Participant: 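Supplied in structure tokens, the structure appears directly below.
Just so it is clear, the model here is predicted, and its values are computed rather than measured.
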Amino acid sequence: MTHAAELPAWAALSVAVLLLLGAGMALVGAVGLLRLRSFYERVHAPALGTTLGIGCVLVASMLFFSLVQTRFVLHEVLIAVLVVITTPVTLMLLTRAALNRDRIEGNEAVPPPPRSRR
Amino acid sequence: MRRVLPHPLLALFLLVAWLLLVESVSPGAVLLGSVVAACGSWALASLAPPRARLRRLAVVPGLLLDVLVEVMRSNVAVARIIMRPADRGARRSGFVRIPLDMRAPYGLASLACILTATPGTVWVDYDSAEGTMLLHVLDLVDEAEWARIVKERWERRLMEIFE
Amino acid sequence: MTAALLEWAVLTAQFLLVAAMGCAAFRLLRGPRAQDRVLALDTLYIIAAMLLLVFGIRTGSPHYFEAALLITLLGFVATAALSKFLMRGEVIE
């Protein structure tokens with residue numbers, strides 16, 4: 001990592017903290033995937049990685065490349081926008097699919113469909 | 001204006017995304033980006049999505065800031081739930097059905113995105129006949145409390161923007 | 001000094017992310033149901049994108065960004081298609 005030698009101390013420190021925080025949040029989310037008991041509880045766990053986790057890593061990457069290349073590097077914003085728009089959609093689709101499957105199987109633990117669709 | 005560029009906001013977004021991707025604001029990049037933006041905007045027009053009516057845009061920055069704060073706060077809350085020893089505490093998770101007053105489709109979509117992006121809550125379903133939504137909450141203490149949070153913190157302001 | 005600190009942080013972050021991938025991969029193999037596997041796959045995609053970004057910082061090369069962008073896009077399409085499949089048993093109705 002010779003290219004990082006010219007980074008000022010405050011920048012190196014904030015990039016390091018942001019990277020560790022982001023990776024840590026992703027790990028906690030993945031551990032939640034293992035530890036939580038039912039599917040509907042587990043569906044909440046990856047949200048840690050997709051919000052604070054990837055957010056911290058993106059900010060760290062932006063800060064690092066802006067300072068190393070001495071210009072504004074902003075294209076990480078695209079990934080952030082993409083993740084913000086897409087993860088709610090996929091989580092919703094997946095939860096609805098799971099609910100649908102559970103209802104078809106007659107699982108007692110899930111709420112029945114609303115009266116208008118019965 | 002509407003005929004030349006049917007969706008100006010989307011076109012602007014596409015242009016900015018293009019400029020970010022090629023990382024330059026040279027005339028060539030802007031020209032090519034404008035062509036891409038115009039094509040994208042026409043393509044969307046041929047799909048004919050329902051038109052959004054935006055009112056009271058002044059509410060938007062405060063709302064976004066609140067979303068950011070809420071996402072941070074619930075990140076910490078969910079991380080604590082995950083790392084807590086399994087045998088301790090009787091945490092309950094479950095579904096809540098919440099009646100909504102909002103009918104604007106884009107407002108509902110925004111509410112769904114806000115609630116799902118926040119760790120700890122997932123929007124599951126919306127029933128347009130009854131106007132109720134189904135929410136799954138990881139740490140469910142009180143159903144009525146959640147209905148109040150959703151309505152007062154998000155729905156009221158989204159209705160100001162979209163209805 | 002700063003380079004050493006950053007190098008240590010990048011290595012640790014990579015270890016944490018690989019551990020996270022391990023957890024998600026375990027859930028992917030274990031299941032128990034199809035929706036659990038799809039959820040684990042979605043998590044894997046996001047962690048892979050993060051790992052690529054950290055790789056980019058480590059090597060100082062901006063090209064990893066594009067790979068990360070593509071992975072997030074692919075992850076969305078794959079998860080959406082799989083969820084649709086779970087819902088009805090077919091992707092295109």
Side-chain angles (χ1 to χ4, degrees), chain A residues 1-9 11-13 15-20 22-24 26-34 39 42-43 45-46 49-50 53-54 57-58 60-61 64-65 68-69 73 75-76 78-79 82-83 85-87 89-98 100-102, chain C residues 1-10 12-17 19-27 30 32-36 38-40 42-44 46-47 49-51 53-54 56-60 62 64-66 68-69 72-73 75-80 82-88:
Chain A
M1 300 217 3
T2 46
H3 54 276
E6 66 266 32
L7 234 57
L13 194 64
V15 169
V17 167
L18 281 170
L19 278 181
L20 290 179
L27 180 57
V28 172
V31 168
L33 216 51
L34 288 186
F39 170 77
R42 285 195 281 269
V43 90
T50 56
I54 202 159
V57 173
L58 286 170
S61 175
F64 179 81
F65 282 110
V68 166
Q69 303 181 2
V73 176
H75 57 196
E76 276 84 356
L78 283 175
I79 295 189
L82 202 66
V83 168
I85 296 175
T86 57
T87 40
V89 177
T90 50
L91 281 187
M92 259 181 271
L93 267 176
L94 190 57
T95 321
R96 290 178 67 165
N100 206 29
R101 280 164 68 100
D102 277 337
Chain C
M1 171 54 201
T2 57
L5 169 77
L6 206 54
E7 180 151 19
W8 176 82
V10 165
T12 315
Q14 280 180 319
F15 270 119
L16 292 179
L17 287 174
M21 277 184 123
C23 294
F26 184 75
R27 181 55 74 192
R30 173 108 179 275
R33 303 195 62 201
Q35 49 261 46
D36 287 296
V38 176
L39 184 66
D42 190 49
T43 315
L44 269 180
I46 290 289
I47 300 173
M50 288 167 75
L51 201 54
L53 287 168
V54 177
I57 291 180
R58 184 177 183 181
T59 54
Y64 287 99
F65 159 79
E66 272 136 63
L69 188 67
T72 44
L73 257 180
F76 168 63
V77 175
T79 315
L82 284 171
S83 307
K84 200 78 188 129
F85 180 75
L86 288 188
M87 185 87 99
R88 298 270 185 239

Participant: Can you list the residues that meet the ring pair (Phe, Tyr, Trp, His ring centres under 6.0 Å) rule with Phe39(A), with sequence neighbours excluded?
Facilitator: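 Applying ring pair (Phe, Tyr, Trp, His ring centres under 6.0 Å) to Phe39(A) gives none.
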Participant: Could you walk me through whether Tyr64(C) and Leu51(C) pass side chain to side chain contact (heavy atoms under 4.5 Å, CB included), step by step?
Facilitator: CA-CA 10 Å; Tyr64(C) 287 99; Leu51(C) 201 54; over 6 Å; no
Participant: Heavy-atom cut-off 4.5 Å, strictly under: side chain, backbone, both or neither for Val83(A) against chain C?
Facilitator: side chain
Participant: Under 4.5 Å heavy-atom distance to chain C, tell me which part of Leu93(A) shows up: side chain, backbone, both or neither.
Facilitator: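 Contact with chain C involves both backbone and side-chain atoms of Leu93(A).
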Participant: Side chain, backbone, both or neither: which part of Arg30(C) has a non-hydrogen atom closer than 4.5 Å to chain A?
Facilitator: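 Answer is neither: Arg30(C) stays 4.5 Å or more from chain A.
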Participant: Which value, rounded to the nearest 0.5 Å, describes the distance between Thr12(C) atom OG1 and Glu7(C) atom CD?
Facilitator: 10.5 Å
Participant: Please state whether the side chain, the backbone, both or neither of Val89(A) comes within less than 4.5 Å of a heavy atom of chain C.
Facilitator: side chain
Participant: Name the member of Arg33(C), Gln35(C), Gln14(C) that forms the most heavy-atom pairs with chain A at distances under 4.5 Å.
Facilitator: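 Among the listed options, the one with the most contacts to chain A is Gln35(C).
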Participant: What part of Leu13(A) is in contact with chain C, defined as an atom under 4.5 angstrom from a non-hydrogen atom: side chain, backbone, both or neither?
Facilitator: both
Participant: Please classify the contact of Leu73(C) with chain A as side chain, backbone, both or neither, using a heavy-atom distance under 4.5 Å.
Facilitator: both
Participant: Below 4.5 Å, heavy-atom pairs only: which of Ala49(C), Ala20(C), Ala19(C) has the largest tally toward chain A?
Facilitator: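 The candidate making the most pairs under 4.5 Å is Ala20(C).
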Participant: So which atom in Ala97(A) and which in Met87(C) form the shortest heavy-atom distance, rounded to 0.1 Å?
Facilitator: CA-SD, 3.6 Å
Participant: Give, as side chain, backbone, both or neither, the part of Ala40(C) having an atom under 4.5 angstrom from any heavy atom of chain A.
Facilitator: both
Participant: Under 4.5 Å, counting heavy-atom pairs only, tell me which of Leu78(A), Asn100(A), Ile85(A), Leu33(A) racks up the most with chain C.
Facilitator: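 Heavy-atom pairs under 4.5 Å are most numerous for Leu33(A).
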Participant: Given heavy-atom pairs under 4.5 angstrom as the criterion, report whether the side chain, backbone, both or neither of Asp36(C) touches chain A.
Facilitator: both
Participant: May I ask you to name which of Ile79(A), Val31(A), Val28(A) has the most heavy-atom pairs under 4.5 Å with chain C?
Facilitator: Ile79(A)
Participant: For Phe65(C), give me all partners under ring pair (Phe, Tyr, Trp, His ring centres under 6.0 Å), at least two apart in sequence or on another chain.
Facilitator: His75(A)
Participant: Using 0.5 Å steps for rounding, measure from the OG1 atom of Thr87(A) to the CE atom of Met92(A).
Facilitator: 9.0 Å
Participant: Report the option among Val73(A), Leu19(A), Thr86(A) that has the most heavy-atom pairs separated by less than 4.5 Å from atoms of chain C.
Facilitator: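 Option with the greatest count: Thr86(A).
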Participant: Testing the basics here: between Ala34(C) and Leu86(C), what is the closest heavy-atom pair and its distance to 0.1 Å?
Facilitator: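 Heavy-atom minimum between the residues: CB-CD2, 3.6 Å.
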Participant: I'd like to verify something: which residue of Asp42(C), Thr72(C), Leu69(C) has the highest number of heavy-atom pairs under 4.5 Å with chain A?
Facilitator: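 Top option by heavy-atom pairs under 4.5 Å: Leu69(C).
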Participant: CG/Leu17(C) to CG/Leu27(A) distance, rounded to the nearest 0.5 angstrom?
Facilitator: 8.0 Å
Participant: Would you compute the distance between atom CG of Leu82(C) and atom CG of Leu39(C) and round it to the nearest 0.5 angstrom?
Facilitator: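 The CG atom of Leu82(C) sits 11.5 Å away from the CG atom of Leu39(C).
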Participant: Based on non-hydrogen pairs under 4.5 Å, which of Leu94(A), Leu82(A), Thr90(A) is most in contact with chain C?
Facilitator: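 Heavy-atom pairs under 4.5 Å are most numerous for Leu94(A).
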Participant: I'd like to know if the side chain of Thr95(A) reaches the main chain of Leu91(A), judged simply by a donor and an acceptor atom lying under 3.5 Å from each other, with no hydrogens or angles considered.
Facilitator: yes
